[in-house]
Amino acid sequence: MAASLISISLGAILINNFIFSQFLGICPFLGCSGKVDTAVGMGIAVTFVMGLASAICYVVNIILVAYGLEYMATIAFILVIAGLVQFVEMFLKKTIPALYTALGIFLPLITTNCAVLGVVLLNVQNNYNFIESFVYGITGGLGFMLAIVLFATVRERVEFAEYPKSFEGFPIALVTAGLLSLAFMGFSGMKIFG
Amino acid sequence: MKIGEQFKEGLITNNPVLIQNIGLCSTMAITTTFFNGIGMGISVLIILTCCNVVISALRKSIPNDIRIAVFVVVIAGFVTIVDLLLKAYVPALSKSLGVFIPLIVVNCIIIGRAEAFCQHEPVFPSFIDGIAQGLGYTLTLVAMCLVRELLGNGTFGTGVFDLSEKGLRIVFDGSGSGIRLFDSAFGATIVLMPVGGFITLGCLFALTNYLVNKAKEKAGKTDAGVCACQITNEEAAK
């Protein structure tokens, strides 16, 4: 059990990183990586939502399967996620208003972050049990956070670099992300515990 | 708004991927073969058009506070329909796109168009908008696929075109081997990896920027005052 959990965690953080090898959650990754502080805040919020969504959707999926309603899975999951994000939004507004303002429009947009719905769907696809789903959600979120924080630090330096005018903004950001993804490719193919 | 103008907007001047920069996840993730690109593009086109029509028809009865939730439910409904149809009739596509078909629910293009266009406009313009924006998305995907496939594998149109002794055929089940332009041993496999996705899209964006800047310069020569005013407005907005 412990071995499979460790292999799931390392897989989600490094080997199959949500951003760099599965392309899930690119919008907030590009939109919220201007400053390291915002990136950390976004990472924590996404990790929280991903962990909770994995746990709750596991239960929801059991109910759906029991009633033979598997085809409703996508609709049910997205509603659970939308509710959770609303909850996180209210929570942050009350407790950490500074972070709430910094995240701005990207906070409600966590609902439409493909990483969150993606992790839930992958849990079902991989037949993970409750604990495995939860761990995959949390570590997937941590992998997202690692990616976005690394990217934000690099991006702060890129601002001072010289590059062709056409590459300003999104293009140079994508090329930078590509190079980071190249670095993460070094982990691919690694097998832990067989 | 004129129909022609809407198409011009969807395909060029307001292309969802290249100009609005939305829907990037799928653009990078699935564009490894022509078959994937065109399949994903058409699926999104159908879902986008249906959602646009339904949301636009319901626009007066959707309460403003919960509109996002309503949009998401409508979108999820259509995505489920398309997902099940693909599983039944084009299993090869469903298998190769995998989790990215249900993930169309959270594709920003659909929710973005609902928010920006359909909740204010009548049904017919929304219908045209869905087709135009969907085509714009499909074309971008196809462009990405053609570049990545050619550089990475040396083929053209894998999955859709099939070149054998019998001649050129068009197949729709993803079994086509494509038209080989050079041996796959000379292909740069890295272009088909995630790295290639990021960098190809980056270059495509840079090309778009270059063309937009060129167009602005050209406009500047004839009407410098207006253009300069636009640029300062944009800078102020930033």
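Naming: A, B, ... by sequence-line order, numbering from 1 per chain.
- If you check the side chains of A:Thr95 and A:Tyr100, you find no donor sitting under 3.5 Å from an acceptor.
- For chain B, no part of A:Ala82 is nearby; none of its heavy atoms comes within less than 4.5 Å.
- Contact check for A:Glu132 versus A:Asn129: side-chain heavy atoms found under the 4.5 Å cut-off.
- Considering only heavy-atom pairs separated by less than 4.5 Å from chain A, the leading option among B:Val106, B:Ile75, B:Ile30, B:Leu84 is B:Val106.
- Residue contact with chain A, scored on non-hydrogen atoms closer than 4.5 Å, is absent for B:Ile22.
- Residue contact with chain A, scored on non-hydrogen atoms closer than 4.5 Å, involves the backbone and the side chain of B:Leu201 alike.
- Here the two rings, on A:Tyr128 and A:Tyr136, have centers that are under 6.0 Å apart.
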(request) Carefully, step by step, assess B:Glu115 and B:Arg67 under the rule salt bridge (charged side-chain N to carboxylate O under 4.0 Å, His left out). (result) CA-CA 9 Å; B:Glu115 179 82 17; B:Arg67 64 179 192 284; 2.6 Å; yes

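- Under a 3.5 Å cut-off, the side chain of B:Arg113 and the backbone N or O of B:Cys51 do not form any donor-acceptor pair.
- Ring pair A:Phe18/A:Phe23: centre-to-centre distance not below 6.0 Å.
- With chain A as the partner, the residue from B:Val195, B:Val212, B:Leu204, B:Val105 showing the most heavy-atom pairs under 4.5 Å is B:Val195.
- Neither the backbone nor the side chain of A:Ile172 comes within less than 4.5 Å of any heavy atom of chain B.
- Residue contact with chain B, scored on non-hydrogen atoms closer than 4.5 Å, is absent for A:Gln86.
- Interface remark: of the candidates A:Cys114, A:Ser166, A:Ala173, A:Gly178, A:Ser166 forms the most heavy-atom pairs closer than 4.5 Å to chain B.
- In this model, a donor atom of one side chain and an acceptor atom of the other lie less than 3.5 Å apart for B:Thr155 and B:Glu149.
- Between the side chain of A:Arg155 and the main chain of A:Gly34, no donor-acceptor pair closer than 3.5 Å is present.
- Looking at B:Cys108, only its side chain comes within 4.5 Å of chain A, counting heavy atoms on both sides.
- Chain A forms more heavy-atom pairs under 4.5 Å with one residue of B:Ala76, B:Ala69, B:Pro194, B:Gly77 than with any other, namely B:Pro194.
- Neither the backbone nor the side chain of A:Thr176 comes within contact range of chain B; no heavy atoms are under 4.5 Å apart.
- The parts of A:Ile75 that come within reach of chain B are both its backbone and its side chain, each placing non-hydrogen atoms under 4.5 angstrom from that chain.
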